[in-house]
Amino acid sequence: MRTKFILVIASLMSVAMVSAQGTFEPLPQLTSPEKVHVVDVGKFTQYLGQYIETDTETGKQDTTYQAVPEIVWQSEGEDISMQTNAPRHVAPIHMTGTLNGFFKNVQFYVFKYTYESIDAEGNPVTLSSIAATPDPSDVSKVNNVLIGTHITITADWERPSNQTNGLSADSDWGPIFAMSAGKPTSAGTTVSVVRGVLGVLSLGLSELAWGTTDIVREIKYNKYRHNFVVMPDYEGYGETSGRAHPYLYQELTARQVADATQAAIYAYQHDPELSSISLQFEDDWKTVICGYSQGGSVAMATQRFMEQNHIDDTFRLVGSICGDGPYDPMSTLMYYIEKDRQNEKMSMAVVLPLIIKGMLDTNPYMRTHKAEDYFNTKFVETGIMSWLNGKQMSTGDIENGFIRMYNEGKDGDPTYFRDIFDQEGRALMRNIMNEECYRYFGNIYDNYKNTYKTAAGIPLPATRGVMEDLHFALASNDMTDGWTPRHTILLFHSNTDKVVPYDNAERAVAKLGGWAVLHTAELGHDHGDSGKDFFAGDSNAGIFINDNLRITYAMKTLLDLPYSGQTTSSVTSW
């Protein structure tokens, strides 16, 4: 469920949380933000360098343009500068200048902080997060708030607050945080955005090179930029890397995200470290929540938490943008059963242990059970649970580990794991789950295969048991059930996603009705490439949709709505 992307985020700062005297009023439903602590402050800058390249094979010289990121943290000094990766084998690159005539420096400030929330037991816990804010030299006020909920990670170094390498192609924070930036050009238009600075960065800096005829596009919606952005690490990463991550424990994560947002606002207003970059909010500021994959489901869960706890108007929430998220874990499991019956292998075999481990670690129904209750013995022997506990391996590392086991086996037997994995590290569901677990959920599929994606869904078990408890745990994290939204949810989902299946989007539309407005991506992409489509645009003609990034268009759609008094007819398509 993890693929590495760059994410685009919008603004945050809540005037409704500030009294007439300008002092912060903590929300009684959330943890008091007064223990927030700013750990570090940095400034991010990115500009385009103009280069002359000589192809070593043909001798041809080309003028190319590459993004040059630089981030300077207060405590660490310069972290990254002048990353100039060539698009092919070339002689040493000579930089001839920058494109400041076309492209003003994208710049914004970032700060890392810790904040107080609660854990699954209701006990206090100190978590970590990162936030971004516009450069005061660019703008006088913050336009909006964007809460970014990050994708699935399995290694602690992937967390959002670990930004020691500039605008990394290995994270989804770049496009989201870029929504804090934006600087008018000398012509008085809005900031010119080079093709890819908000989107193609997800492909890696080495691919950022274009000809002179395809350099810049305009993002015409300047009022939708210059935002305050918050992106929490989630429990289990950063400050709490020694604790279990409550994967897909949606209500808990949503609460922690809301606490992170409140704490970031409080720090922005009160901490002396931020006084030189703190700005007021526009009178008409609003909040959007945005995420992909796990972040998509957390975005929906955070909207649900805010609405059910009646703090949505305080945050001036206008809605959420949710990409390819596991909103209904049972739908995902039923899809895997269906594909297994068709002898189709899971493209990411790490997904099931991630889901079940998250339930085992924190869900009240699962705390007396263990991994062996659900997985077959040989799969547990891979060490998958230790890998997830250790948080040193990304999902890509884990997939490579599965490939290595296929090739090397165990104890001198090179074929030992070949009845589980193929040479690409893929696996049939039946070869991962133990017989009892596979049979239990297979029977559910047989009984409800025609209704599990509909509003009717799957009924809960009548009794408790090892398998029934997993069923209860999965159902308790169904974001589509037991809730009638008050704000618009923009869904994006690839109809060929095999990791987080399209069934999740269908279930959301069936249960949430007109509040869930679905954009179906029909490019034939699986989960990873669909993430790039989500952030950069899914047009066959290129990166941009009507000269706008897909995610930017979604933000504009929501921010044009009122934060109070929305109806299901407010948005019908996007």
- Tyr234 side chain to His150 backbone, donor-acceptor under 3.5 Å: yes
- Task: Indicate yes or no for a side-chain donor-acceptor contact from Ser275 to the backbone of Asp271 under 3.5 Å, with no hydrogens or angles considered.
- Result: no
- Just do the side chain to side chain donor-acceptor pair (under 3.5 Å) check on His245 and Asp361 with the steps written out, would you? CA-CA 8 Å; His245 169 53; Asp361 286 334; over 6 Å; no
- Query: Is there a side-chain contact between Glu307 and Asp312, using heavy atoms and a 4.5 Å cut-off?
  - Reply: yes
- Check: Tyr292 ring centroid to His493 ring centroid under 6.0 Å: no
- Query: Any side-chain donor-acceptor pair under 3.5 Å between Asp233 and Ser161?
  - Reply: yes
- Message: Is there a side chain to side chain donor-acceptor pair (under 3.5 Å) between Asp40 and Ser75? Walk through the geometry before answering.
- Response: CA-CA 6 Å; Asp40 207 353; Ser75 67; 2.5 Å; yes
- Query: Do side-chain atoms of Asp138 reach the backbone of Pro134 as a donor and acceptor pair under 3.5 angstrom?
  - Reply: no
- Answer yes or no: are there more than 12 heavy-atom neighbours, outside Glu251 itself, under 6.0 Å from its atom CD? no
- Item | Side-chain heavy-atom pair Gln256, Leu252 within 4.5 angstrom cut-off | yes
- Chi angles and distances behind the side chain to side chain donor-acceptor pair (under 3.5 Å) call for Ser297, Gln250: CA-CA 8 Å; Ser297 64; Gln250 305 289 31; 3.0 Å; yes
- Tightest non-hydrogen contact, residues Trp574 and Ala554, listed as CZ3-CB, 3.4 Å
- With a 6.0 Å cut-off on ring centres, are Tyr109 and Phe44 close enough? no
- Message: Using the side-chain contact (heavy atoms from CB on, under 4.5 Å) criterion, which residues pair with Gln566? Sequence neighbours excluded.
- Response: Val318, His487, Thr488, Trp515, Leu561, Pro562, Ser570
- Heavy-atom check, side chain of His525 versus side chain of Asp533, under 4.5 Å: yes
- Scan side-chain atoms only and decide if Thr133 and Tyr268 contain a donor-acceptor pair under the 3.5 Å cut-off. yes
- Query: So is Lys391 actually on top of Tyr237's ring, under 6.0 Å and inside 45° of the axis?
  - Reply: yes
- Task: Could you tell me whether a side-chain N or O of Glu158 sits under 3.5 Å from a main-chain N or O of Ala155, the two making a donor and an acceptor?
- Result: yes
- Message: Is it true that Tyr247 and Thr152 share a donor-acceptor pair across their side chains at a distance under 3.5 Å?
- Response: yes
- Any donor and acceptor pair, going by atom type alone, linking the side chain of Ser140 with main-chain N or O of Pro136 inside 3.5 Å? no
- Item | Under 3.5 Å: donor-acceptor pair, side chain of Asn504, backbone of Tyr327 | yes
- Arg507 side chain to Thr454 main-chain N or O, any donor-acceptor pair under 3.5 Å? yes
- Message: Counting C-beta onward and ignoring hydrogens, is there a side-chain heavy-atom pair between Thr332 and Pro501 closer than 4.5 Å?
- Response: yes
- Run the salt-bridge test on Glu239 and Arg159 with the 4.0 Å N-O cut-off and return the result as yes or no. no
- Query: Are any of the side-chain heavy atoms of Met306 and Ile147 separated by less than 4.5 Å?
  - Reply: yes
- Message: When you measure from the side chain of Ser530 to the backbone of Asp497, do you find a donor-acceptor pair of N or O atoms at a distance under 3.5 Å?
- Response: no
- If we only count heavy atoms from C-beta on, is the His37 to Glu116 side-chain gap below 4.5 Å? no
- Message: Hydrogens and angles aside, do Arg255 and Thr31 bring a side-chain donor and acceptor to less than 3.5 Å of each other?
- Response: yes
- Query: Roughly how far apart are Leu127 CG and Thr240 OG1, rounded to 0.5 Å?
  - Reply: 5.0 Å
- Task: Taking all non-hydrogen atoms of both residues into account, name the closest pair between Tyr452 and Asp328 and its distance.
- Result: O-OD2, 4.4 Å
- Task: Ignoring hydrogens and angles, tell me if any N or O in the side chain of Asn123 forms a donor-acceptor pair with the backbone of Asp119 under 3.5 Å.
- Result: no
- Query: If you round to the nearest 0.5 Å, how far is CG of Leu491 from CD1 of Ile321?
  - Reply: 11.0 Å
- Message: Do the side chains of Lys43 and Asp135 get close enough for a salt bridge, i.e. N-O under 4.0 angstrom?
- Response: yes
- Message: Please evaluate residues Glu506 and Lys453 with respect to the criterion salt bridge (charged side-chain N to carboxylate O under 4.0 Å, His left out), reporting the C-alpha separation (whole Å), side-chain torsions for both, the decisive distance (0.1 Å), and the verdict.
- Response: CA-CA 6 Å; Glu506 292 180 306; Lys453 291 184 282 187; 3.6 Å; yes
- How many angstroms lie between OH in Tyr115 and OG1 in Thr261, if you round to the nearest 0.5 Å? 8.0 Å
- Derivation and outcome, side-chain contact (heavy atoms from CB on, under 4.5 Å), residues Gln74 and Glu273: CA-CA 10 Å; Gln74 187 179 75; Glu273 291 286 335; 3.1 Å; yes
- Message: Taking the cut-offs as 6.0 angstrom to the six-membered ring centre and 45 degrees off its axis, would you call Lys112 and Trp73 a cation-pi pair?
- Response: yes
- Closest heavy-atom pair and its distance - Ala258, Phe315: O-CZ, 4.2 Å
- Task: Verify the ring-centre separation between Tyr113 and Phe111: is it less than 6.0 angstrom?
- Result: yes
- Looking just at side-chain N and O atoms, do His527 and Ser494 make a donor-acceptor pair shorter than 3.5 Å? no
- Query: Is the closest side-chain heavy-atom distance between Leu512 and Trp483 below 4.5 Å?
  - Reply: yes
- So, Ser320 versus Gln303: side-chain donor-acceptor pair below 3.5 Å or not? yes
- So OG1 of Thr302 and CZ of Arg304: to nearest 0.5 Å the spacing works out to 11.5 Å
- Task: Rounded to the nearest 0.5 Å, what's the gap from CD1 on Ile458 to NE2 on His471? Could you check?
- Result: 6.0 Å
- Task: Begin from the C-alpha positions of Val257 and Asp259 and carry the test side-chain contact (heavy atoms from CB on, under 4.5 Å) through to its verdict.
- Result: CA-CA 5 Å; Val257 168; Asp259 277 332; over 6 Å; no
- Under a 4.5 Å cut-off applied to non-hydrogen side-chain atoms, are Val39 and Thr114 in contact? yes
- Gap separating the CD1 atom of Ile356 from the CG atom of Leu248, nearest 0.5 angstrom: 11.0 Å
- Item | Smallest separation among heavy atoms of Ala263 and Pro33, with atom names | CA-CB, 3.8 Å
- Message: Could you check whether any side-chain N or O of His519 sits under 3.5 Å from a backbone N or O of Phe492, counting only pairs where one atom can act as donor and the other as acceptor?
- Response: no
- Message: Show the nearest heavy-atom pair for residues Cys322 and Ile489, with the distance to one decimal.
- Response: SG-CG2, 3.9 Å
- Task: Mind running side chain to side chain donor-acceptor pair (under 3.5 Å) on Thr520 and Tyr502 for me, showing each step along the way?
- Result: CA-CA 9 Å; Thr520 300; Tyr502 188 70; 2.6 Å; yes
- Query: Given the rule in the side-chain contact (heavy atoms from CB on, under 4.5 Å) test, do Met359 and Tyr365 qualify, once you have shown the distances and angles that lead to the verdict?
  - Reply: CA-CA 8 Å; Met359 303 298 171; Tyr365 290 105; over 6 Å; no
- If you look at every heavy atom in Gly319 and Leu558, which pair is closest and at what distance? C-CD1, 3.8 Å
- Task: Quick one: do Asn143 and Leu559 satisfy side-chain contact (heavy atoms from CB on, under 4.5 Å)? Show the steps, please.
- Result: CA-CA 10 Å; Asn143 279 332; Leu559 290 170; over 6 Å; no
